[in-house]
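Notes follow the structure.
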There are 2 protein chains.
Amino acid sequence: MKRNSRLSAVLHALLHMAERDRPMTSDELAVCLQTNPVVVRRTMAGLREAALVTSGRGHGGGWTLARPLEDVTMRDIYAALGEPMLFQMGNATESPGCLVEQAVNHALDDAFRDAEAMLIARLGEVTLATLADDFKRRFAEHRAALKQRG
Amino acid sequence: MKRNSRLSAVLHALLHMAERDRPMTSDELAVCLQTNPVVVRRTMAGLREAALVTSGRGHGGGWTLARPLEDVTMRDIYAALGEPMLFQMGNATESPGCLVEQAVNHALDDAFRDAEAMLIARLGEVTLATLADDFKRRFAEHRAALKQRG
DNA sequence: TATTTCGTAACTATTATTATTACATGAAAA
DNA sequence: TTTTCATGTAATAATAATAGTTACGAAATA
């Protein structure tokens with residue numbers, strides 16, 4: 001079950017980019033994300049339009065972060081991806097005139113709208129720097145565990 | 001864009017059933033929901049297992065609500081449908097060992113889990129009676145508007 | 001100029017969901 | 001008891017959304 005995982009894939013890509021001091025090519029990112037370079041370009045195009053990354057062609061070209069990690073939240077990235085639907089379930093639209101359907105949709109809309117607002121707010125609280133720090137912490141733990149094992 | 005709209009479809013069906021004093025057949029519900037009777041049976045099967053509805057075969061058979069409207073919440077129905085995934089996006093699972101991926105997944109899991117908990121709690125606050133009342137209100141308004149227009 | 005790399009359109013493949021067909025089972029009516 | 005009606009369910013087909021691929025053009029660098 002691996003639906004629309006673009007958001008996590010993009011975060012994954014951006015953090016890998018942050019670990020390097022030169023551009024990463026679409027081919028490199030494709031290997032890293034186990035996908036196709038064309039898919040990488042398509043996805044990153046949205047981020048470029050949002051000025052979160054830049055791309056360069058030819059020798060030494062590839063993808064580069066355009067802003068400091070502290071300035072970019074997961075919400076920014078979600079927005080740059082076109083604010084894809086967060087929820088699996090939509091409303092019925094079989095009989096738009098049906099008053100029963102309207103009552104149902106109204107109740108569901110209320111609940112889903114609130115949950116969505118909360119989720120988006122949460123995405124806005126986490127920056128790429130937060131994620132990078134968490135990665136570094138995990139990396140340090142990993143090394144410590146290796147060392148202890150000898 | 002009409003993904004997995006089972007929840008709203010089922011609510012729609014149950015409220016229509018509530019408006020009647022005899023069982024509704026799968027064919028009737030299928031017309032009402034603009035789908036196929038077999039799809040209706042498949043979907044309602046989950047509700048029957050959860051004892052929210054009963055089904056009867058042969059003449060006079062069909063689907064009947066098994067509990068008072070006040071006793072059934074949208075959350076009960078969500079549960080009866082097998083608690084389908086609420087979110088469109090899952091986590092990346094390309095490289096389970098990748099520490100970058102783990103950091104990303106952890107942050108996303110946190111946000112999604114909280115939003116899901118909130119949404120499910122909200123579903124638990126709305127009963128079928130709530131929806132039926134809302135329907136009746138809309139119906140009264142509808143009639144008043146018709147009357148005023150002559 | 002040769003090579004690298006992105007940009008993008010067109011097409012194919014995969015997957016998830018929904019719809020359909022077919023037939024068995026059970027219940028009520030004739 | 002036979003006929004009719006309705007659900008139960010497996011198997012299959014159709015549809016739609018997403019992802020992957022191919023192909024080729026454009027731009028930048030060596």
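In the text below, chain A, chain B and the rest are named by the order of the sequence lines, each starting its count at 1.
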NZ/NE/NH1/NH2 to OD/OE distance under 4.0 Å, Arg137(A) and Asp133(A): no
Partner of Thr54(B) by side chain to side chain contact (heavy atoms under 4.5 Å, CB included), out of Leu47(B), Leu65(B), Thr64(B): Thr64(B)
Cationic N near anionic O, under 4.0 Å, Glu28(A) to Arg20(A): yes
Would you tabulate the pairs of protein nitrogen or oxygen atoms and nucleotide nitrogen or oxygen atoms of nucleotides 26-30 of chain C closer than 3.5 angstrom?
{"from": "dG26(C)", "atom 1": "N2", "to": "Gly58(B)", "atom 2": "N", "distance (Å)": "3.1"}

Whichever of Ala45(A) and Gly61(A) has its nearest DNA chain C nucleotide further upstream toward 5': Gly61(A)
Options dG20(D), dA19(C), dT7(D), nucleotide nearest the side-chain atoms of Trp63(B): dT7(D)
Among dT20(C), dT7(D), dC6(C), the nucleotide that comes nearest once only the side chain of Arg42(B) is considered: dT20(C)
Common cluster, Val72(A)/Leu11(A), ILVMFWY with side-chain heavy-atom separation under 4.5 Å: yes
Phosphate OP1/OP2 of dA19(C): any Thr35(B) side-chain N/O under 4.0 Å: yes
Phosphate contact (dT7(D) OP1 or OP2) by Ser55(B) side-chain N/O below 4.0 Å: no
side-chain contact (heavy atoms from CB on, under 4.5 Å) between Asp110(A) and Val126(B), worked out: CA-CA 11 Å; Asp110(A) 264 14; Val126(B) 181; over 6 Å; no
Nearest-nucleotide comparison on DNA chain C, the residue closer to the 5′ end among Val38(A) and Arg41(B): Val38(A)
Below 4.0 Å: OP1/OP2 of dC5(D) and any side-chain N or O of Thr25(B): no
Between Arg6(B) and Thr43(B): side-chain donor-acceptor atoms closer than 3.5 Å: no
Arg48(B) (side chain) and dG8(D) (base): donor-acceptor pair under 3.5 Å: no
